[in-house]
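To start, the structure under review is shown below, and the notes come after it.
Small disclaimer: the values here were computed from a predicted structure and weren't measured.
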Amino acid sequence: MTFGQSISRCFSKYCTFTGRASRSEYWWWILFTAIIGLLFGIPSGLQSIHESSPSGLPVISYIVSALLFLPSLGVLFRRLHDTGKSGWWWLIGFIPVVGTIILIVFCCQPSQAFPNQYGSVPE
């Protein structure tokens, strides 16, 4: 899956928490959200340092983050499903440091090569 296909699929499955997502779909989406975060976060942070001329950048940054939250959560659920795990494993990420490392390991695992309880093998 390419970068553009991943973004398109994640937006088309905006609030879809069922099914499976390949590693490439998940990691391309993570790269996209990181780039968007930098594009909106750096100017927003710089603007907060120089508050002499207020603008709407922090508000726009919060709105963009809110809009990307559900598709990010959905693709994480689908990625966990692809490795044969329940989407509820995302809650382990709330454990500081260790939980995040465990989620990264889960998301780096290869897809199950056969259909599982969450659907058929992704393309």
Show me the donor-acceptor pairs, under 3.5 Å and distance only, between side chains in residues 84-107 and residues at least two apart or in other chains.
residue : atom : partner : partner atom : Å
Lys85   : NZ   : Gln109  : OE1          : 2.9
Ser86   : OG   : Trp88   : N            : 3.1

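- Here salt bridge (charged side-chain N to carboxylate O under 4.0 Å, His left out) pairs that include residues 87-112, with residues two or more places apart or in two chains, number zero.
- Closest heavy-atom contact between Ala21 and Pro122: C-CG, 4.1 Å.
- Listed by first and then second residue, the side-chain hydrogen bond (donor to acceptor under 3.5 Å, both in side chains) pairs that reach into residues 28-38 are Trp29-Ser72, sequence neighbours excluded.
- Listed by chain and number, the residues in a ring-ring contact (aromatic ring centres under 6.0 Å, His included) with Phe17 are Phe77 (sequence neighbours excluded).
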Practice task
For the pair Arg79 and Cys108, evaluate side chain to side chain contact (heavy atoms under 4.5 Å, CB included) and give the outcome as yes or no after the intermediate values.
Solution key: CA-CA 9 Å; Arg79 180 69 201 125; Cys108 288; over 6 Å; no
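- Annotation: side chain of Tyr118 is not in contact with side chain of Leu80 (no heavy-atom distance under 4.5 Å).
- Remark: Thr2 engages Gln5 in a side chain to side chain donor-acceptor pair (under 3.5 Å) (not counting sequence neighbours).
- Each salt bridge (charged side-chain N to carboxylate O under 4.0 Å, His left out) pair with one or both residues in residues 101-113, not counting sequence neighbours, would appear here, but there are none.
- Residues Ile30 and Leu70 share a hydrophobic cluster, clusters being chains of Ile/Leu/Val/Met/Phe/Trp/Tyr side chains in contact below 4.5 Å.
- Of all the heavy atoms in Cys10 and Val75, the pair that sits closest is SG-CG2, 3.7 Å.
- In this structure, Ser12 contributes its side chain and Ser8 its backbone to a donor-acceptor pair below 3.5 Å.
- Under the side chain to side chain donor-acceptor pair (under 3.5 Å) criterion, Ser22 pairs with Ser24, sequence neighbours left out.
- Every residue was checked against the ring-ring contact (aromatic ring centres under 6.0 Å, His included) condition with Tyr14, not counting sequence neighbours, and none meets it.
- For Trp27, the ring-ring contact (aromatic ring centres under 6.0 Å, His included) criterion is met by no residue, not counting sequence neighbours.
- Arg20 is linked by a salt bridge (Lys or Arg N to Asp or Glu O under 4.0 Å) to Asp82, counting only residues two or more places apart in sequence or in another chain.
- Residue pairs meeting the salt bridge (charged side-chain N to carboxylate O under 4.0 Å, His left out) criterion with at least one partner in residues 24-40, sequence neighbours excluded, are Arg9-Glu25, Glu25-Arg78.
- For the residue pair Pro110 and Thr83, the shortest heavy atom distance occurs at O-CG2, 4.0 Å.
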Practice task
Kindly indicate, with the supporting measurements, whether the criterion side chain to side chain contact (heavy atoms under 4.5 Å, CB included) is fulfilled by Leu76 and Tyr26.
Solution key: CA-CA 7 Å; Leu76 174 60; Tyr26 177 76; 3.9 Å; yes
